[in-house]
K.L.:
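This is the structure I want to talk about, given as structure tokens.
Residue numbers start at 1 and run along the sequence shown. Below, each value reflects all heavy atoms present in this structure, side chains not excepted, and no hydrogens, waters or symmetry copies.
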Amino acid sequence: MKYQLLASKTLDKKTDCLVLGVWDRTGLDAPLEMLSALVVQQCTDIIKKGDIKGKAGETLLVHAPANAATSRILLVGLGDKNKFDAKVYRKIVRATAQALNKTPAKTALVSLVQLPISNRDSAWATTQLVTEIGNAQYRYDQTKSTKAEKPALSSIVIAAAADTNRKAMNAAITAGEAISLGMSVARELGNLPGNICTPSYLAERAIDLGKRNKAVKTKVLSEKQMENLKMGSLLSVGRGSKEESRLIVIEYKGSRKAHAAPYCLVGKGITFDTGGISIKPGAGMDEMKFDMCGAASVMGTMTAIAKLGLPINVTAVIAAAENMPGSQATKPGDIVTSMSGKTIEILNTDAEGRLVLCDALTYAERFKPRTVIDIATLTGAAVATFGDVNTAMLSNNEALAQELFALGQDTLDTVWQLPLDDEYQSLLDSNFADIANIGGPRAGTITAACFLSRFTQKFQWAHLDIAGTAWLGGGQKGATGRPVPLLVEYLRKQKD
């Protein structure tokens, strides 16, 4: 997609499609002097007839009048002007992007980034618009015999105020492109079936990322190398599978200071989760290919920051394994020793995400990271609590938690903090090991984070449980690409 910024006093420009907003009970958003009389008259007549009501997200495509500079007009409902906010704005740009991709238009002039959004500027609006346009163009067809038809849309002109800050707006376009690219990478990896997207496949994609970017270096640890590091917890998860587990380390060096401490992302990469010996019910088990969406979001984020060329160092650690039943599979009651030296009683082999993450978190210590954020589809309790709206967040550092919360509100990739009180830790007590891998039926998301917290005492850490937000089911089944927007924005704000 090509983007162009138009800072002008008129919208009367040659294009295949002109996008205009319509307020509920108010009419066109664009100042009438910016439009030709032909366009104003046609839009006014359409609104008067009630063909479009102005409801937020409602769209109507019409042919422009003869002799108009544009061929088509896409009218987009903005809703009630008194209730317009950032969430409504995202709804309308998402609807706009989807509608544009269904038209034969190759070019479009969009005039939505100047809408009045409280505490948001046109640069923020532009990043949201570009992200949604990129998301709408994503098509999954890798495992289909008939490939998806690509949208005709290939060029967007963004109409900004005549006195706009062009540097800020161009940076906003670049950010939106990088975020949508990262989300597409995460969605594609998440959507692939488990017989294609294996631990080895994830490792290959990480190596490819390093080959395409000079600032990125990838290292992949084999099971033998992990055995030498005494990663008994991570290795226990893949024992029942023919697919070998992998620890994938991606280092992005963007800082001018060669030895600057990195920010660290840790991703859960269970490429398929049967539950192991504690096998899951059959219904819906196909969705367990999405259990590597934490790793996918890390891959997407690293792709995005490499494209942006951020001036910081970032290290990603991905723990990849397949959790299968088998003659060598870990059994409930087995005790393993983690890389940290702590012993773990595995009471339920379906609580495997924390088993791979704890060794990955211990491995991350060697980088002396500034902060560590782990991302994992970890608990059904997070789905029960937040559905697909908020990502569950827990942290051992309040400043980090508050920063992520605020950035979640800003990017609309929202998180909500749960407590990590010491009183929950006793639920993980074991009679036979240092710690049990489950804490019983209550407070499941919290006790899972409590387990991880035992391995994060040497750095500032936040845990994002994306079990409810990483993918959608039903007719919309597919990976969402979250929380790539949040992670990219977090890293964009950091400094050496």
Side-chain angles (χ1 to χ4, degrees), residues 1-49 51-52 54 56 58-79 81 84 88-89 92-93 95-97 99-101 103-117 120-130 132-133 152-174 176-177:
M1 184 69 67
K2 294 181 180 178
Y3 291 93
Q4 179 184 347
L5 186 64
L6 174 68
S8 173
K9 294 182 179 180
T10 178
L11 296 176
D12 194 18
K13 302 291 182 182
K14 184 173 178 58
T15 184
D16 290 342
C17 187
L18 172 63
V19 180
L20 299 173
V22 178
W23 294 109
D24 182 20
R25 297 187 299 276
T26 303
L28 282 175
D29 169 67
L32 300 187
E33 65 270 15
M34 296 180 70
L35 301 168
S36 69
L38 288 170
V39 170
V40 170
Q41 186 60 55
Q42 183 186 27
C43 292
T44 301
D45 290 345
I46 289 170
I47 294 168
K48 282 183 178 179
K49 283 193 295 184
D51 292 340
I52 184 167
E58 177 187 12
T59 61
L60 177 67
L61 181 69
V62 297
H63 287 287
N67 301 322
T70 186
S71 303
R72 303 170 186 81
I73 300 171
L74 178 65
L75 295 174
V76 182
L78 305 178
K81 201 167 189 175
F84 192 76
V88 175
Y89 178 78
I92 64 142
V93 294
T96 298
L100 282 174
N101 279 314
T103 75
K106 294 182 179 179
T107 63
L109 174 59
V110 183
S111 66
L112 302 176
V113 301
Q114 300 176 60
L115 291 167
I117 312 170
R120 304 289 197 279
D121 59 15
S122 56
W124 177 90
T126 297
T127 296
Q128 290 290 321
L129 172 67
V130 173
E132 291 300 337
I133 288 173
L153 189 67
S154 61
S155 178
I156 298 287
V157 179
I158 298 174
D163 61 348
T164 192
N165 182 331
R166 298 186 71 91
K167 183 177 180 181
M169 290 291 282
N170 284 323
I173 291 172
T174 301
E177 288 182 291

K.L.:
Report the residue from N67, D12, L18 that forms a side chain to side chain contact (heavy atoms under 4.5 Å, CB included) with S36.
P.N.:
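Testing each of N67, D12, L18 against S36, the sole residue satisfying side chain to side chain contact (heavy atoms under 4.5 Å, CB included) is D12.
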K.L.:
Can you list everything that forms a salt bridge (charged side-chain N to carboxylate O under 4.0 Å, His left out) with R166? Sequence neighbours excluded, please.
P.N.:
none
K.L.:
In Å and rounded to the nearest 0.5 Å, what is the NZ to NZ distance from K2 to K106?
P.N.:
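Rounded to the nearest 0.5 Å, the NZ-NZ separation comes to 12.0 Å.
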K.L.:
When you compare the side chain of L61 with that of R72, does any pair of heavy atoms fall below 4.5 Å?
P.N.:
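Of all side-chain heavy-atom pairs linking L61 with R72, at least one is under 4.5 Å.
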K.L.:
Looking at A161 and A7, what are the two nearest heavy atoms and their distance?
P.N.:
O-CB, 3.5 Å
K.L.:
Between L109 and T70, is the side-chain contact (heavy atoms from CB on, under 4.5 Å) condition met? List the steps.
P.N.:
CA-CA 9 Å; L109 174 59; T70 186; over 6 Å; no
K.L.:
Do V157 and K13 pass the side-chain contact (heavy atoms from CB on, under 4.5 Å) test, and can you show the C-alpha distance, the side-chain angles, and the key distance before you say yes or no?
P.N.:
CA-CA 10 Å; V157 179; K13 302 291 182 182; over 6 Å; no
K.L.:
Under the rule for side chain to side chain donor-acceptor pair (under 3.5 Å), what residues qualify as partners of Q114, not counting sequence neighbours?
P.N.:
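Here no residue qualifies.
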K.L.:
Donor-acceptor pair, S111 side chain versus V19 backbone, under 3.5 Å?
P.N.:
yes
K.L.:
Would you say I158 and V130 make side-chain contact, with heavy atoms under 4.5 Å?
P.N.:
yes
K.L.:
For M1 versus S154, what's the shortest heavy-atom pair and its separation?
P.N.:
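So the two residues come closest at SD-C, 3.3 Å.
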K.L.:
Taking all atoms of both residues into account, what is the closest heavy-atom pair of P104 and A152, and its distance?
P.N.:
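Taking P104 first and A152 second, the nearest heavy atoms are O-CB, 3.7 Å.
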K.L.:
Please report the shortest heavy-atom distance between T126 and M169, naming the atom on each side.
P.N.:
OG1-CE, 3.0 Å
K.L.:
Is any side-chain heavy atom of Y3 less than 4.5 Å from a side-chain heavy atom of I133?
P.N.:
yes
K.L.:
Check whether T174 reaches the backbone of N170 with its side chain - one donor and one acceptor, N or O, closer than 3.5 Å.
P.N.:
yes
K.L.:
Are the side chains of D24 and K81 in touch, meaning some heavy atoms are under 4.5 Å apart?
P.N.:
no
K.L.:
As a quick check of understanding, evaluate side-chain contact (heavy atoms from CB on, under 4.5 Å) for L35 and L28, giving each step before the final call.
P.N.:
CA-CA 11 Å; L35 301 168; L28 282 175; 4.1 Å; yes
K.L.:
Decide yes or no for I52 and I47: does some side-chain heavy atom of the first lie under 4.5 Å from some side-chain heavy atom of the second?
P.N.:
yes
K.L.:
For the side chain to side chain contact (heavy atoms under 4.5 Å, CB included) test, which of V76, I46, L74 pairs with L60?
P.N.:
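Of all the options given, the one that passes is I46.
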K.L.:
Do you know the tightest heavy-atom contact between S122 and T164?
P.N.:
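In terms of heavy atoms, the two residues are closest at OG-OG1, 4.4 Å.
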K.L.:
Identify the two heavy atoms, one from I73 and one from C17, that lie closest to each other, and give their separation to 0.1 Å.
P.N.:
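Distance-wise, the nearest heavy atoms are C-SG, 4.5 Å.
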K.L.:
If you round to the nearest 0.5 Å, how far is OG1 of T127 from CD of E177?
P.N.:
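Answer rounded to 0.5 Å: 10.0 Å.
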K.L.:
Using 0.5 Å steps for rounding, measure from the CG atom of D51 to the CG atom of L75.
P.N.:
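These two atoms lie 9.5 Å from each other.
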K.L.:
So do the side chains of L129 and Y89 get within less than 4.5 Å of each other, counting heavy atoms only?
P.N.:
yes
K.L.:
Could you tell me if the side chain of L11 sits less than 4.5 Å from the side chain of L20, heavy atoms only?
P.N.:
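With C-beta onward as the side chain, the pair touches.
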K.L.:
To the nearest 0.5 Å, tell me how far L112 CG sits from E132 CD.
P.N.:
12.5 Å
K.L.:
The criterion is ring-ring contact (aromatic ring centres under 6.0 Å, His included); which residues satisfy it with F84, sequence neighbours excluded?
P.N.:
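By the ring-ring contact (aromatic ring centres under 6.0 Å, His included) rule, F84 matches W23.
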